[in-house]
Amino acid sequence: MTNLARKIAEPEDISSQNEYIAYSKQVHDYSPAVKKLLDLSEDYVPGSERAFKAGQPAVWCQANGYQPVLLYALGVIPVAYSEMGRYSAREDMLIAEDFYQFPVETCSMVKCTVAQWHKRRGTGTIDKILGVASSCEPFNLAWEVMRKHGYDVFSSEVIYRGPTVEGERLEQLVKFTVEQMLDVAEWLTGERRVDEDRLRFEIARKNRLLVKLKKVLELRRTHPFYMKSLAIILTLNVGLNNYFGKPEEYEAAIDELIVELENTPVKEKDLKAVIPLVWAGGTGQEFGIYEAIDQAGGALLGLRSVPFRFYSEEIEPLESIARWVYDNSTAGAGVYARNVLDSEVERLKARGVILYGYIGCSFASVDREMWRRFFHEKGLACINLEGSFQTGAPTGQVLTRVKAFVEMLAA
Ligand code: SF4
C-alpha cells in the first residue's frame with residue numbers, strides 16, 4: 001500500500017491524484033473508517049495487479065453494473081479500468097493518438113485507458129478485458145484495438161431496454177442476457193456454468209451492502225461534513241460497485257463508518273451551513289473539483305450513479321441479475337436517470353445539481369443537457385462541467401466555476 005512520506009500542508013501543494021487521496025486522509029484524521037476506505041481505493045489497481053501476479057484470476061472490467069457480482073462468483077477479481085485514469089497524464093493521450101491513431105476528438109477516458117493497457121503489455125499483469133457493448137462506440141473501438149495488440153478481450157452484446165419494452169420482448173432480453181453471462185463464465189473458467197450458491201452469496205452481499213450504504217447516506221444528512229466529497233464519491237461510485245477488489249475489508253470499513261457516524265454528535269451549525277448538492281455523472285478524475293466543493297461549503301449528499309436497486313433473492317440468481325440489468329435506470333433512455341435525479345433532489349432538498357462528464361463524450365453530453373434544461377425549468381440551479389480524464393491539476397476555469405456555483409447557492 002502506498003504511503004506518501006510528505007505531509008501536505010495546503011491543497012494548493014497537491015500535484016497528483018494520489019496526493020489528493022493522501023491529503024484527504026490527513027483531513028479525515030479523526031476517522032479510521034474513512035482512512036481505511038481511502039487506503040482501499042488507493043490500493044485497488046496495484047493490489048489487484050499484485051494479487052494477479054500471485055496467482056489470483058483478475059480481469060479488467062466496468063466499474064459498475066452487474067459484472068463485479070458475476071466475476072466475484074466466478075472467483076475472479078473485477079478491476080475497474082476506469083480507475084486507471086488517476087495514473088494517466090498528457091503522455092497517455094499522445095500514445096492513443098500517435099501509436100493507435102485515435103482521432104484527437106476521441107473521449108479522453110477511452111484514450112487514457114487504452115494507453116494504460118498499452119504500457120502494461122508484456123509486464124505479466126492482468127491480460128483479460130471484459131467489455132460491454134452497451135456503453136459507447138469509442139470503447140467498442142478500444143476493445144478491437146486491444147484485441148489486436150495482445151489482450152484477451154470478451155465483449156458482450158448491447159444491453160438496452162427501450163421505454164416501452166415489456167412482456168414477451170422483455171422475457172427474450174432476460175434470456176439473452178443469461179446466455180451472455182454464461183458466455184462470460186465459459187470464457188473465464190472454461191465451463192459454461194456459474195456456481196449458484198456462490199452467485200447467491202454475492203447477490204446477498206450486494207443487497208446487504210446496498211442497505212448499509214443507504215444507511216451511510218441517511219446518516220450523512222445529519223453529518224454532512226464528516227465524510228468529504230472525494231471520500232464519499234470513491235466509496236459509493238467505485239467501492240459500492242466492486243469493493244475495491246477486497247469485499248471483506250470494504251464491508252468491515254463500512255460497518256466501522258456506520259458506528260462512527262452513529263456515535264458522532266450532530267453539529268447544529270453544520271446543518272445550518274451546509275449546501276446540499278446532488279452529483280450526476282461519472283467519477284471525475286480531477287479530484288481538485290471535490291476539494292473546491294468542500295472549500296465552498298457544499299456537500300455531495302446525493303449521487304445519481306449509485307445503483308440502489310436490490311437484486312431479487314427469490315428467483316434463480318442468473319435471472320435475478322438479468323432482471324436487475326433491465327430494471328435499472330442505466331438500461332434505457334436518459335429520462336429514467338433524470339427521474340432518479342429528480343427524486344434525489346426532492347428527498348434531500350438539494351440546492352443545486354452538479355452534472356459532470358468528460359470532454360469528447362457526445363454520448364453522455366446529450367443526457368446532461370437534457371437534465372440541465374429540466375432542472376432550470378423547475379427553477380433549480382444546475383451546472384454542467386466537462387473535465388478531462390487524464391490526471392493533473394484541474395483547470396483553473398473548472399475550479400472557478402465550481403466554487404462560484406456553490407458560493408452562489410450559499411448567497
Ligand atoms: S465518457 Fe462517454 S465517450 Fe467516454 S467512455 Fe464514457 S461514455 Fe464513452
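Note that ligands are numbered from 1 as they come in the structure, with each ligand's atoms numbered from 1 the same way.
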Aromatic contact, Trp279 with Tyr356 (centres under 6.0 Å): yes
Report, in ascending order of atom number, the atoms of ligand 1 lying under 4.0 Å from any heavy atom of Val110. 5 (S)
State the atoms of ligand 1, each with its element, that fall below the 4.0 Å cut-off from a heavy-atom position in Met109. 5 (S), 6 (Fe)
Check ligand 1 against Cys107 and write out every atom of the ligand that is under 4.0 Å from a heavy-atom position of the residue. 1 (S), 3 (S), 4 (Fe), 5 (S)
Applying ring-ring contact (aromatic ring centres under 6.0 Å, His included), name anything that partners His149, two or more places apart in sequence or on another chain. Phe99, Tyr100
Residues in salt bridge (charged side-chain N to carboxylate O under 4.0 Å, His left out) with Arg192, at least two apart? Glu179, Asp183, Glu186
Between Ser320 and Glu313, a side-chain donor and acceptor under 3.5 Å: no
Considering the heavy atoms of Phe139, write down every atom of ligand 1 situated less than 4.0 Å from one of them. 5 (S)
